[in-house]
Amino acid sequence: MTFEVFKMGKLGDHLESEAYEWVAYQICETYGLELKKNEYGYEQDVVEVMTEKMVKEIEVYLNKTYKDKLWIEPYANTALNSIVDRWYEENEE
């Protein structure tokens, strides 16, 4: 029998989801945001309550970690970039 790890895509999806929740929680804690539940009981996404100032501060953080070669967990980096990108997509004028 040969060893093999299955469902790597499923694992990747789970880790991305965990990272997204992790950084969304950190954003809420840092900026004192409260996420409300909708009529179906689901909590709103952090992107919905963020301001442009918050997004700009996160961009500064991401640029600093890149420019100064500071370590940031790749999944957290991806999640933060996703949040920033989605905010811009939803707030285009």
Side-chain angles (χ1 to χ4, degrees):
M1 178 182 282
T2 304
F3 177 79
E4 186 175 349
V5 177
F6 298 99
K7 299 184 180 182
M8 294 297 266
K10 188 173 184 176
L11 173 61
D13 290 346
H14 176 72
L15 294 173
E16 285 177 17
S17 175
E18 287 290 320
Y20 190 94
E21 289 179 31
W22 191 276
V23 299
Y25 174 80
Q26 190 62 56
I27 290 168
C28 290
E29 287 294 304
T30 300
Y31 297 109
L33 302 176
E34 286 189 38
L35 304 179
K36 297 181 177 148
K37 295 193 181 212
N38 65 17
E39 63 271 17
Y40 305 108
Y42 293 105
E43 197 171 76
Q44 69 188 137
D45 193 287
V46 70
V47 172
E48 297 175 32
V49 296
M50 291 175 66
T51 65
E52 184 175 4
K53 182 181 179 201
M54 294 171 195
V55 172
K56 297 287 185 192
E57 287 182 9
I58 292 169
E59 286 181 305
V60 167
Y61 171 75
L62 288 168
N63 289 334
K64 181 172 175 47
T65 60
Y66 179 75
K67 185 180 122 215
D68 295 344
K69 296 182 170 72
L70 301 174
W71 188 81
I72 179 173
E73 168 57 48
Y75 281 108
N77 184 56
T78 299
L80 286 171
N81 276 302
S82 171
I83 288 170
V84 167
D85 290 346
R86 284 193 43 239
W87 188 90
Y88 280 113
E89 287 174 9
E90 294 180 14
N91 292 281
E92 285 183 37
E93 299 196 16

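Positions are given from 1, in the same order as the sequence printed here.
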Using atom types as modelled and distance alone, determine if a side-chain donor or acceptor of Trp87 lies under 3.5 Å from a backbone N or O of Met50.
yes
Any chance you could pull the hydrophobic cluster mates of Val60, using side-chain heavy atoms under 4.5 angstrom and chaining through other members?
none
Using side-chain contact (heavy atoms from CB on, under 4.5 Å) as the criterion, list what pairs up with Gln44, not counting sequence neighbours.
Leu35, Lys36, Glu48, Val49
Those residues that, when tested against Glu59, pass side-chain hydrogen bond (donor to acceptor under 3.5 Å, both in side chains) (two or more places apart):
Tyr88
Partners meeting side-chain contact (heavy atoms from CB on, under 4.5 Å) with Glu57 (sequence neighbours left out):
Tyr31, Lys53
Can you list the residues that meet the side-chain contact (heavy atoms from CB on, under 4.5 Å) rule with Val5, with sequence neighbours excluded?
Phe3, Met8
In this structure, would Tyr61 and Ile83 fall into the same cluster of hydrophobic residues linked by side-chain contacts under 4.5 Å?
yes
Donor-acceptor contacts, no H, no angles, side chain residues 13-20, under 3.5 Å, sequence neighbours left out:
from  : atom 1 : to    : atom 2 : distance (Å)
Tyr20 : OH     : Asp45 : OD1    : 2.9
Tyr20 : OH     : Asp45 : OD2    : 3.0
Tyr20 : OH     : Arg86 : NH1    : 2.7

Using a 4.5 Å cut-off between side-chain heavy atoms of Ile, Leu, Val, Met, Phe, Trp and Tyr, which other residues end up in the same hydrophobic cluster as Tyr25?
none
Is there a side-chain contact between Val47 and Glu90 (heavy atoms, below 4.5 Å)?
yes
For Glu21, what residues pass the side-chain hydrogen bond (donor to acceptor under 3.5 Å, both in side chains) criterion, not counting sequence neighbours?
none
Nearest 0.5 angstrom please: Asn81 CG to Asn77 CG, how far?
5.0 Å
Ser82: partners by side-chain hydrogen bond (donor to acceptor under 3.5 Å, both in side chains), with sequence neighbours left out:
none
Residues two or more places apart in sequence or in another chain: which of them pass side-chain contact (heavy atoms from CB on, under 4.5 Å) with Asp85?
none
Contact check, side chains of Ile27 and Leu80, non-hydrogen atoms, under 4.5 Å
yes
Could you list the donor-acceptor pairs under 3.5 angstrom formed between side-chain atoms of residues 66-74 and any protein atom two or more places apart in sequence or on another chain?
from  : atom 1 : to    : atom 2 : distance (Å)
Asp68 : OD2    : Lys64 : NZ     : 2.7
Glu73 : OE2    : Tyr75 : N      : 3.4

